Amino acid sequence: MQNPRCGFLILFIQLVSLISFYQYARQIRGEDNKTSAIEVDVGIILDLETNVGKVMNVSILLALADYHANASRGAIKIVPHFRDSKKDDVEATSAAIYLLKDVQVQAIFGPQMSTQTDFVIDLGNRIKVPIISPATSPSLSVKENPFFIRGALPSSSQTKAIAAIVRNYEWRQVVIIYEDSSYGTGIVPHLTDALLEINTLVSYRSVISPSASDDEILKELYNLNTKQTRVFVVHLQPYLASRLFLKAKEAGMMSSGYAWIMTDVLTSLLDSVDHSVIESSMQGVLGIKPYIPRSNELINYTRRWRKRFRQEYPDMDPVELNVYGLWAYDSITALTKAIAKVGTTIIPKFKKADTRENLTDLDALGTSEFGSLLLDSMQNTMLKTGLSGEFRIIDGELQLYPYEIVNIIGKGERSVGFWTEKDGISHKLKMNGKTAKSMNEQLAAIIWPGESTIVPRGWEIPTSGKKLRVGVPVKGGLEQFIKVEIDAKTQAVTANGFIPDVFKEVIQSLPYAIPYEFIPFPIDSPTSQDYDDLVNKVSSKEYDAVVGDVTILASRAKYVDFTLPFSESGISAVVPVRNDDRKNAWIFLKPLKSELWITTGGFFIFIGFVVWVLEHGVNKEFRGPKHKQVGMIFWFSFSTLVFAHRERVTSNFTRFVLIVWVFVVLVLTSSYTANLTSMLTVQQLQPSITDLNDLIKNGEYVGYQEGSFVKDVLKHMKFDSSKFRSYSTLEEYSDALSRGSKNGGVGAIVDELPYLRLFLNKYCRKYIMVGPTYKAAGFGFAFPKGSPLVPDVSRAVLQVMEGEFMNNIIQKWFGNETDCPKQDGMAIASSLTLDSFKGLFLIAGVSAGSALLLFFLIFLYQNREILATDDSVWQKLSAIANAFDKEKDNSNSMSEEQSEGNKIQTAMLFAESEASTEIFPHLPLQSPEIRISDGLGTSPALEGFSATEPGTPVHENITGTTEDR
């Protein structure tokens with residue numbers, strides 16, 4: 001049996017051996033107390049004299065404490081080294097050099113200010129140490145500085161949100177009030193561009209020095225109050241902004257009609273502004289700030305932060321946690337994760353530069369290999385559950401947050417809406433931080449300065465007492481449109497006429513009063529000024545507006561803004577009318593053009609000739625002496641004009657030709673009658689010139705209104721400028737047209753439609769409008785580019801034009817046009833041309849020609865034996881002519897007609913015989929000798945459309961026999 005003491009000793013030795021081996025293993029793994037973890041130095045540069053610096057300082061301490069509390073044993077230890085920049089750029093640079101040279105930190109958080117950060121970034125780029133800064137200046141570029149990581153949103157990211165608010169309320173101009181520092185100037189170009197994208201102008205830029213006195217601020221505010229714009233974007237630090245709003249209240253600029261918008265820095269740090277200033281001088285102001293979603297983690301952290309802040313600064317008044325403190329916490333948290341990810345792959349020490357002479361202090365610092373690895377891990381990182389929300393850094397830039405829009409009410413702020421880059425403005429947000437598309441794109445009800453619920457227009461008439469300077473043209477004629485008079489004693493300017501009356505009614509229709517005064521602008525030959533010069537007075541700021549018969553042109557719209565047109569317009573020409581043709585003794589020839597008359601006459605002769613050829617051999621009416629046959633050709637064809645022909649035709653060819661020709665004659669006579677009737681009954685105002693190109697061809701003079709842009713239009717139409725003559729009154733127009741180009745006048749007046757209609761209303765029976773109408777935009781009121789008056793005046797113009805006032809004012813100045821015949825679209829009868837009847841003549845010609853051709857073919861066939869002889873050509877032609885002239889035997893038809901004729905003649909003979917017995921009883925009763933001539937002699941009496949009396953030739957034969965006996 002073993003000794004118990006020996007067993008105990010063996011166990012003791014084994015226990016001591018195990019403990020010794022464990023301690024040895026820990027030493028090998030570096031887990032002893034002296035080397036329990038690798039330390040990484042991190043520099044922190046803050047302005048600890050500022051509230052923001054103190055807020056971030058506490059957040060950084062809590063972030064590091066949370067990291068170490070949650071880190072496992074043996075994890076990398078992060079050692080912070082805090083330095084105070086004391087609001088000084090040199091101090092910040094000195095602190096950065098100390099941290100890099102003496103401490104050899106592997107990353108730096110800070111500085112806060114952009115001017116301080118600028119040089120520190122250069123150090124980081126050279127030594128390859130990441131610089132994580134909350135500086136917001138857009139001039140600090142992440143792309144140009146590879147070791148710069150922005151831990152806050154740049155101030156340029158909010159410009160689109162501000163522009164969305166401006167567009168939501170349709171403000172056309174804004175004033176930017178910014179601090180005269182790199183912080184203030186950095187946002188200006190970006191905000192200006194964002195406003196230009198929505199067609200809003202920055203009418204004025206007000207620069208406030210951080211060292212400006214209250215009197216200087218008040219003076220600048222009085223200067224702003226003399227301008228039209230009433231929308232102000234304030235980009236100032238809280239201390240300077242609180243002074244500005246106090247003086248704005250004193251200047252009366254926090255009343256109804258004004259709109260103020262604060263940028264994100266001021267809105268996010270609103271808690272640092274004295275509550276008395278907020279309650280007295282900032283009521284109704286709008287502000288934007290990054291949206292921080294509420295969560296349980298944020299609530300718990302806020303409680304911890306307040307406790308730690310009291311511990312760190314027990315003698316300081318309480319300060320609220322802001323977005324910069326949350327971003328500082330998330331930035332340090334992201335940094336700790338990046339350091340943990342890099343791990344112990346490399347010793348966190350600087351690599352010294354090569355030993356050589358003339359090394360600078362910066363070159364002697366060397367470079368950090370650990371920093372490069374840390375940068376790769378830090379440049380693209382994301383905290384899904386960051387205290388500030390979804391904290392994402394991509395390519396070294398913190399990604400855009402939704403912006404919350406707040407309204408300053410009472411002692412604090414009230415949320416009225418949100419903005420995101422994707423969806424714009426919305427009243428509410430979804431749970432994931434995106435705007436709800438189903439919501440209307442409007443903000444909640446806003447209380448504006450002066451406790452007003454009415455949205456400010458964004459502009460007002462300046463309070464400097466100036467009136468709106470309105471330029472009006474002064475010219476010698478056309479006073480119905482505008483007439484300017486100057487009182488000889490008071491020099492007061494008054495304007496009357498159609499256009500001034502419209503302007504006055506428009507101004508009265510506006511929902512606010514606008515004082516104005518007319519300034520005369522002469523437009524006449526001595527001054528050589530025109531309407532373009534008048535419009536240029538607006539662009540040069542000499543006039544605030546122009547009221548007159550000013551046509552809206554693209555060339556003028558480059559320099560001024562026009563309202564909607566209040567009168568239609570266009571360019572046309574007026575020429576004298578011709579004399580009334582109804583008094584012309586030869587008007588009956590007017591319905592047909594000369595070529596149609598000649599063609600018709602030729603066809604009458606041609607058809608007569610064709611009928612004569614077809615009927616000559618078989619119809620005795622077309623035989624006889626030559627003069628009779630020639631007369632028959634003319635008589636028969638022309639008698640068809642009134643369907644008075646009595647001759648009977650026997651040839652089927654002739655009947656076919658006549659059917660077609662009678663139809664042609666019917667159409668011709670109907671058309672002639674209708675056109676002649678129109679010429680004799682319809683009053684016609686025919687222009688002396690129908691095309692303006694005729695004026696150019698004939699070299700005639702053209703008139704236009706003095707000072708009008710029509711002169712340039714005529715030049716564009718290739719008119720010779722030496723043929724231009726300008727006039728000012730309607731009477732001058734009429735006189736020039738009456739005299740004509742050859743007598744010192746013009747052949748036409750080219751002007752805008754309103755003037756020409758007024759002219760024709762007075763001289764409607766002497767002149768007529770001709771040619772095409774060239775479109776123009778019409779008359780409009782001119783204002784400076786970007787003037788906020790233009791939208792309101794345009795709406796008022798529409799309101800006036802839709803009401804009864806416009807009809808009344810037109811009746812007042814231009815009267816009725818019922819006394820003049822309507823000229824637009826009048827149908828003027830013109831002579832008929834040959835083109836309208838070519839088809840008819842073609843059909844008639846082909847028909848007659850075909851019949852004539854077939855007749856000759858048949859005739860030649862019947863007389864082929866003549867052509868077959870050996871006689872000479874002349875003998876053959878003579879034989880053919882004799883055969884044509886020879887009367888043809890038409891026995892079949894003639895026998896029937898003769899039999900019928902004999903019966904009639906016999907019956908009449910016996911009737912007369914009985915009658916003679918009664919009348920002459922002393923004469924012996926005997927049978928009379930009846931002589932009936934051959935069939936050819938009696939048959940013509942029965943031919944034709946209307947026959948002669950059948951008993952006449954028989955009676956003559958009986959009488960002759962009796963006398964012979």
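All of these numbers come straight from a predicted model, not from anything done at the bench.
- Using a 4.5 Å cut-off on side-chain heavy atoms (C-beta onward), V750 and I571 make contact.
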Inset, instruction - Begin with the C-alpha distance, continue with both residues' side-chain angles, and end with the deciding distance and a verdict on side chain to side chain contact (heavy atoms under 4.5 Å, CB included) for E700 and V746. - result: CA-CA 7 Å; E700 297 201 36; V746 294; over 6 Å; no
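- Here the closest non-hydrogen pair linking A851 and V657 is CB-CG2, 3.5 Å.
- Residues F562 and F779 keep their aromatic ring centres 6.0 Å or farther apart.
- A ring-ring contact (aromatic ring centres under 6.0 Å, His included) with F498 holds for exactly one of W813, F805, F814; it is F814.
- A tilted orientation is assigned to the rings of F724 and F719, their planes being inclined by 30° to 60°.
- Nearest approach of P520 to V474, heavy atoms of both residues: CB-CG2, 3.6 Å.
- A donor-acceptor contact shorter than 3.5 Å is absent between the side chain of R172 and the backbone of S787.
- Of the possible donor and acceptor atoms, none in the side chain of S671 sits under 3.5 Å from a partner among the backbone N and O of L668.
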Inset, instruction - List the steps, then state whether side chain to side chain contact (heavy atoms under 4.5 Å, CB included) holds for T200 with R167. - result: CA-CA 8 Å; T200 298; R167 181 177 59 183; over 6 Å; no
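- Looking at K711 and D530, no side-chain N of the basic residue comes within less than 4.0 Å of a carboxylate O on the acidic one, giving no salt bridge.
- The CZ atom of F709 sits 10.0 Å away from atom CG of L714, with the distance rounded to the nearest 0.5 Å.
- Between the side chain of D720 and the backbone N or O of K723, no donor-acceptor pair lies under 3.5 Å.
- The shortest heavy-atom contact between L695 and A748 is CD1-CB, 3.5 Å.
- Closest non-hydrogen pair, V800 versus S509, comes out as CG2-OG, 3.7 Å.
- Side-chain contact check for Q529 versus L534: every heavy-atom pair is 4.5 Å or farther apart.
- S734 and Y767 form a side-chain donor-acceptor contact under 3.5 Å, judged by distance and modelled atom types alone.
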Legend entry - From CA spacing to verdict: side chain to side chain contact (heavy atoms under 4.5 Å, CB included), V575, I768: CA-CA 6 Å; V575 299; I768 188 172; 4.1 Å; yes
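- Aromatic rings of F566 and F503 (six-membered ring for Trp) have centroids beyond the 6.0 Å cut-off, not under it.
- Inter-residue side-chain proximity for I486 and Q491 is flagged as met; some heavy-atom pair is nearer than 4.5 Å.
- The pair K475-D549 meets the salt-bridge criterion, since a charged nitrogen lies less than 4.0 angstrom from a carboxylate oxygen.
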Legend entry - Y531/V546 under side chain to side chain contact (heavy atoms under 4.5 Å, CB included): CA gap, chis, key distance, verdict: CA-CA 10 Å; Y531 283 86; V546 164; over 6 Å; no
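- Residues Y763 and Y733 place their aromatic rings such that the two centres sit no closer than 6.0 Å.
- Side-chain contact between W171 and W459 is absent, with no heavy atoms from C-beta onward closer than 4.5 Å.
- Side-chain atoms of T229 and S203 include a donor-acceptor pair closer than 3.5 Å.
- For the side-chain hydrogen bond (donor to acceptor under 3.5 Å, both in side chains) with D544, the qualifying choice from K467, K537, R469, Q228 is R469, the only one to do so.
- Ring geometry, F521 versus Y543: the interplanar angle exceeds 60°, so the pair is classed perpendicular (tilted spans 30 to 60°).
- One distance of note links CG of D712 with OG of S721; it measures 11.0 Å at 0.5 Å rounding.
- With E752 as reference, S569 is the one residue of S572, S567, S569 to meet the side-chain hydrogen bond (donor to acceptor under 3.5 Å, both in side chains) rule.
- Atom-to-atom distance recorded for N693:CG and N698:CG is 10.5 Å, nearest 0.5 angstrom.
- Here the shortest heavy-atom pairing between A844 and V660 reads CA-CG1, 3.8 Å.
- Here the side chain of D561 pairs no donor or acceptor atom with the backbone of F783 at under 3.5 angstrom.
- The shortest distance between side-chain heavy atoms of Q705 and L478 falls below 4.5 Å.
- Nearest heavy-atom pair, K541 versus P784, reported as atom, atom and distance to 0.1 Å: NZ-CB, 4.3 Å.
- To the nearest 0.5 Å, atom CD1 of residue I810 and atom CE of residue M806 are 6.0 Å apart.
- At a threshold of 4.5 Å between non-hydrogen side-chain atoms, the residues Y727 and D735 do not count as touching.
- In this structure, R230 contributes its side chain and K227 its backbone to a donor-acceptor pair below 3.5 Å.
- Side-chain contact check for L753 versus T773: some heavy-atom pair is nearer than 4.5 Å.
- To the nearest 0.5 angstrom, L834 atom CG is 8.0 Å from T600 atom OG1.
- Under a 3.5 Å cut-off, the side chain of K785 and the backbone N or O of A557 do form a donor-acceptor pair.
- Distance OG/S847 to CG/L658: 11.0 Å, rounded to 0.5 Å.
- In this structure, the side chains of F518 and E485 stay at 4.5 Å or more apart for every pair of heavy atoms.
- For the residue pair S728/E706, the side-chain donor-acceptor check at 3.5 Å is not satisfied.
- Taking a 6.0 Å sphere around CD of E170, one finds it holds 12 or fewer heavy atoms contributed by other residues, nucleotides or ligands.
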